[in-house]
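Ligands are counted one by one from 1 in listed order, and the atoms in each one are counted from 1 as well. Numbering starts at 1 and runs along the sequence shown. Being a predicted model, the structure only gives us computed values, none of them experimental.
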Amino acid sequence: MEKMCADALPLTMNSSEKQEIVCIFGTGDFGKSLGFKMLQCGYSVAFGSRNPQMSSLLPRGAEVLSYSDAASKSDIIILAMHREHYECLTELVDSLNGKILVDVSNNRKINQYPESNAEYLAQLVPGAHVVKAFNTISAWALQSGTLDASRQVFVCGNDSKAKHRVMDIARTIGLTPLDQGSLVAANEIENYPLQLFPMWRLPFCLASVLCVFFFVYCAIREVIYPYVNGKTDATFRLAISIPNRVFPITALILLALVYLPGVLAAILQLYRGTKYRRFPNWLDRWMLCRKQLGLVALGFAFLHVVYTLVIPIRYYVRWRLRNGTITQALANKDSPFSTSTAWLNDSYLALGILGFFLFLLLGITSLPSVSNMVNWREFRFVQSKLGYLTLVLCTAHTLVYGGKRFLSPSILRWSLPSAYVLALIVPCTVLVMKFILIMPCIDKTLTRIRQGWERNSQHSKSALNGKSDI
Ligand SMILES: Cc1cc2nc3c(=O)[nH]c(=O)nc-3n(C[C@H](O)[C@H](O)[C@H](O)COP(=O)(O)OP(=O)(O)OC[C@H]3O[C@@H](n4cnc5c(N)ncnc54)[C@H](O)[C@@H]3O)c2cc1C
Ligand SMILES: NC(=O)C1=CN([C@@H]2O[C@H](COP(=O)(O)OP(=O)(O)OC[C@H]3O[C@@H](n4cnc5c(N)ncnc54)[C@H](OP(=O)(O)O)[C@@H]3O)[C@@H](O)[C@H]2O)C=CC1
Ligand code: HEM
Ligand SMILES: [Fe+3]
């Protein structure tokens with residue numbers, strides 16, 4: 001803050017221009033930081049404080065007055081105080097009449113109060129033009145200039161002139177204002193900084209549940225079962241073997257879950273015979289987090305590839321290889337080359353590599369710098385068509401890996417099948433449903449529905465007529 005006093009000299013001040021005065025109520029962290037930035041950018045700042053004499057460490061060049069004196073200095077007042085203290089403004093209602101009041105406040109919890117802070121302020125001071133802004137910018141970012149991640153300022157208000165003046169201030173101090181409409185939007189703007197990665201929550205929860213389930217499942221089959229049956233200590237499997245099952249299985253199921261909502265949506269549209277009815281909320285939410293779901297899946301697939309790369313240097317693998325060779329040498333017997341096994345092995349690896357390549361391509365096209373370069377059709381082509389191809393390749397990789405052992409009774413342990421058999425349920429279901437949906441007769445109806453055709457158009461027409469009669 002000491003440094004702030006010394007540095008707060010206007011950068012853009014032009015001596016021939018009259019400086020615009022802006023009033024800031026409250027000399028707390030946010031008020032000081034905003035005042036500092038505004039002084040730097042050529043504004044005059046008048047602080048309003050309960051104790052003007054007591055206020056310290058304020059940016060040099062700023063005036064500190066009582067609330068009512070400061071209010072008379074400017075027709076734009078930024079309230080850098082908490083909502084709980086807005087009540088003291090009721091004493092100033094007359095002097096605030098016709099002024100622009102900027103509400104920057106945040107709450108501690110989402111929907112903490114029945115109405116947004118900005119709407120509450122508008123009720124307290126009905127004669128003022130209330131504008132919501134700056135709540136997404138932190139005092140620290142304003143002071144330190146590290147505004148890269150949070151340059152956007154959502155602005156809303158009922159008076160468009162007032163809103164535009166606040167947006168001009170935001171622009172002048174190097175921020176990017178985004179008009180969000182009337183004061184009704186304040187509630188959403190206030191909730192925004194309180195959210196913690198909302199779109200990522202469901203994908204991370206799903207991934208955690210899948211990881212834990214399959215880890216326990218594999219540990220039962222591969223660590224506990226050999227211990228109970230033959231007192232064999234296979235706990236070393238917990239480090240690489242089991243994670244290298246859990247991670248690809250999680251990746252495959254999450255990838256299938258990216259494409260499942262699209263299939264469900266299509267079935268729902270076919271069943272309803274119209275696209276004009278809203279999807280249920282859970283399906284909407286699921287559709288909206290598909291990108292995050294896909295990126296989490298990509299992360300797990302990447303882990304699988306890294307874990308696979310270390311297989312040849314594992315002690316256990318080298319030991320088994322050496323032992324096999326010695327056993328064969330001692331018995332003076334070699335195992336014949338099996339072309340079918342070679343084919344199966346090479347095929348599942350090739351399918352995995354190609355699947356991973358397309359998976360990466362999906363990830364790359366979802367980067368904003370890349371997606372901005374392709375048009376809507378190209379993006380849909382990559383995300384939808386190549387996305388399905390990725391799912392087909394990854395599912396085939398797992399199916400061929402299972403190969404001949406697939407569902408054979410010898411692989412069951414305590415009647416539990418291998419984990420990859422369970423992993424294939426969701427992807428195979430999605431692929432079969434998609435296959436049915438792209439059959440010409442069904443696809444034709446679906447396409448017509450998506451172009452606006454309605455099966456019960458007679459009904460909807462009469463319903464509409466009924467409505468207009470009323
Ligand atoms: C690594 C990775 C990265 C990803 N990145 C992104 C990303 O950046 N952005 C992104 O959006 N997704 C991303 N995804 C998710 C996924 O690839 C896309 O959402 C993809 O478009 C889904 O394809 P779809 O064919 O299932 O769905 P869509 O083609 O979106 O169709 C889904 C459903 O919506 C309905 N619908 C479609 N068109 C219409 C229409 N014209 N009128 C009415 N209803 C219609 C239909 O019911 C349809 O079945 C990513 C996935 C992965 C794996
Ligand atoms: N800090 C941040 O990073 C951000 C804060 N905000 C919002 O900015 C507003 C201010 O936050 P911040 O500066 O951190 O808070 P502080 O607690 O640091 O400052 C609040 C100021 O409000 C004034 N005030 C007026 N009436 C009262 C009262 N009855 N009791 C106590 N203080 C009173 C005081 O100024 P004085 O003593 O001069 O009267 C006080 O300094 C809040 O609404 C907050 O949600 C928004 C985005 C980021
Ligand atoms: C470069 C790409 C890839 C290579 C080289 C590769 C290689 C392998 C190998 C060697 C195995 C056997 C592991 C073992 O024996 O324990 C395996 C299994 C598996 N892979 Fe891949 N893979 C690749 C990409 C992928 C991708 C993109 C997915 C799907 C998202 C995937 C899903 C699976 C699954 C589900 C299994 C079965 C896990 C089990 O139960 O053991 N793989 N892969
Ligand atoms: Fe107060």
Side chain, backbone, both or neither: Val258 near ligand 1, heavy atoms under 4.0 Å: side chain
Lys434, Arg450, Gln383, Gln292: member with heavy atom nearest to atom 45 (C) of ligand 1: Arg450
Arg83 and Glu115 ion-paired at < 4.0 Å: yes
Option of least heavy-atom distance to atom 24 (P) of ligand 1 (set: Ala301, Gly299, Ser384): Ser384
Sub-2.8 Å protein N, O or S atoms surrounding atom 21 (Fe) of ligand 3: His304 NE2, His397 NE2
Contact with ligand 1 for Ala297, non-hydrogen, under 4.0 angstrom: no
Pick from Gln451, Arg380, Lys275: the one approaching atom 38 (N) of ligand 1 most closely through a non-hydrogen atom: Arg380
Interfacing atoms of ligand 1 (cut-off 4.0 Å, heavy-atom, Gly363): 1 (C)
Under-4.0 Å protein heavy-atom contact, atom 4 (C) of ligand 3: no
Closest candidate by heavy atom, reference atom 34 (O) of ligand 1, pool Lys291, Gln269, Lys385, Met287: Met287
Within reach of ligand 1, part of Thr365 (heavy-atom separation under 4.0 Å): neither
Crowding at CZ, Arg318 (>12 non-hydrogen neighbours, <6.0 Å): yes
Contact atoms of ligand 1, heavy-atom distance to Tyr388 under 4.0 Å: 25 (O)
